[in-house]
Enquirer: 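Structure incoming, see below.
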There are 2 protein chains.
Amino acid sequence: MADTRTQWAFSKLRHMIMENELQHGQPYLEQTLATRLGISRTPLREAALRLQEEGFVDIRPRLGIHIRPISCADMSEIYDILTELEPYAARRLAEMPAPAAALDALTAHVAAMEAALSADDLRGWAEADRAFHQALIEHAGNRRAERIVSTLFDQVHRARILTLNRRSGLDRSNDDHRRLIALIRAGDGAGAADVHRTHRETARREMLVLLSEMGVDGV
Amino acid sequence: MADTRTQWAFSKLRHMIMENELQHGQPYLEQTLATRLGISRTPLREAALRLQEEGFVDIRPRLGIHIRPISCADMSEIYDILTELEPYAARRLAEMPAPAAALDALTAHVAAMEAALSADDLRGWAEADRAFHQALIEHAGNRRAERIVSTLFDQVHRARILTLNRRSGLDRSNDDHRRLIALIRAGDGAGAADVHRTHRETARREMLVLLSEMGVDGV
DNA sequence: CTGTTGGGTAATGTATACATTGGCTGTCCC
DNA sequence: GGGACAGCCAATGTATACATTACCCAACAG
């Protein structure tokens, strides 16, 4: 994929962590991981360092690399930040006003969400949902915000997948998104921000309830 | 300072960049920097990687490490994010309600700002202002938000110093902060968020005007 | 004179060697 | 039986060596 081993290892490990192929509660030693990936310690260390910066692992000297579990407190922190930054993106996009390309992308993603839901393809729905949120922040034209939101989204990925088949109100989520698109198209920044903030607050609440119901703390 | 060479180099380089001892527009080669710091390339590379993750440098393979200039567009992005996250912190702190320690810290920092202003110590004022904003986010209890805000603040440091002696209305800034403390103490989350958002929006506007007046783009 | 191509070179990406240091285990003492 | 301590060992932090590769410059063709 990427041309340097460091980049490749970074992507690979990131993917493995997100897909639970590397789990928390267990130390991974540099040499072990390096051998497992077929590279030497140098690029592995660099990849691990980047993962630490992005919040995916803790490097504890001599105790190995630890996957960071996502607790309810973490979810709460992350959703709080998303609740601030995504409505900001919605407002900005509405006030640009949003280019047709952006509206088209958002619309396509909602359509995909609806199709996935009809087909009972939860994983597909989650991916389309993610794509929707990604497109929203991407087109708002704030690179740093985009990077922050994207990283946070990836951090909650495991928890989202875990709670996916217990979630209710996925169709309401789709409706929220349709309304958001309409407001963005209408150039109503305040309205768009408002709708999306409510959407986020609801998602946050539901997610925390589900996690506590499942008795999970530390995904 | 730090015990490992990587950490030390990271702090050192970060400081040098913030204080303009390393300037943009010029490539710094790994070996050169390593020699300059009296370490080998390995820890230097790791430090540079962290700096890149935090947005302070661009590593361009074979072209050296480049200090990232902060343009008006960058300032705009950064202030936008601060404008979302800091009012959030203010609201949270007000609704906790804020512990005495937090209020004391904030009050002490405003006092320092006022004292510095009376003494015409602009640099001292800037440091106290920074400490105030830092305390605000620190006590809001969202570590990730804290880290984001802190990093962004550091990124605009050079630009802030550059415009410092042209700024007007520093006393109004102090007043804003006093009002913010009062609202936090009163437990008025919405009010606190509102005041602080306005404060941030004003700061943002002033900063961009100053930078364009000075004809600077890329600090 | 301009554009292109090829070689030299130097910076990087990566592997590896080595010293250091902190964790762990087993023993001894209380 | 529990806790302190010492020694061992392994994992890391760091330096360094080496192959690769892309940049730069010069020479050449058009």
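Lettering of chains follows the sequences in order, A, B, ..., and the numbering in each one begins at 1. The figures that follow rest on heavy atoms only: side chains count, while hydrogens, waters and symmetry mates do not.
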Enquirer: Please work out which residues in residues 46-67 of chain B have a non-hydrogen atom less than 4.0 Å from an atom of DNA chain C and list them by number.
Expert: B:P61, B:R62, B:G64
Enquirer: Fit a plane to each ring of B:H177 and B:H196, take the angle between them on a 0 to 90° scale, and name the class: parallel (under 30°), tilted (30 to 60°) or perpendicular (over 60°).
Expert: tilted
Enquirer: If I take atom CD1 from residue B:I65 and atom CZ from residue B:R45, how far apart are they, to the nearest 0.5 angstrom?
Expert: 8.5 Å
Enquirer: What about the rings of B:H15 and B:H157, do their centers lie closer together than 6.0 Å?
Expert: no
Enquirer: In Å and rounded to the nearest 0.5 Å, what is the CD to CD1 distance from B:E54 to B:I17?
Expert: 10.0 Å
Enquirer: What parts of residues 27-45 of chain A reach DNA chain C, counting only heavy atoms under 4.0 Å away?
Expert: A:I39, A:S40, A:R41, A:T42, A:P43
Enquirer: Can you tell me if the side-chain N/O atoms of B:T4 get under 4.0 Å from OP1 or OP2 in D:dT12?
Expert: no
Enquirer: Ignoring hydrogens, what is the shortest heavy-atom contact between B:R92 and B:G141? Give both atom names and the distance.
Expert: NH2-O, 3.8 Å
Enquirer: Taking A:H66's backbone N and O only, do any of them form a donor-acceptor pair with A:D58's side chain (distance below 3.5 Å, no angle check)?
Expert: no
Enquirer: Main chain of A:A193, side chain of A:R91: is a donor-acceptor contact present, judged purely on distance under 3.5 Å?
Expert: no
Enquirer: Can you check the B:D3 CG to C:dG22 P distance for me, whole Å?
Expert: 8 Å
Enquirer: Would you sort out whether B:D80 and B:T83 count as a side chain to side chain donor-acceptor pair (under 3.5 Å), showing the intermediate values?
Expert: CA-CA 5 Å; B:D80 268 10; B:T83 303; 5.1 Å; no
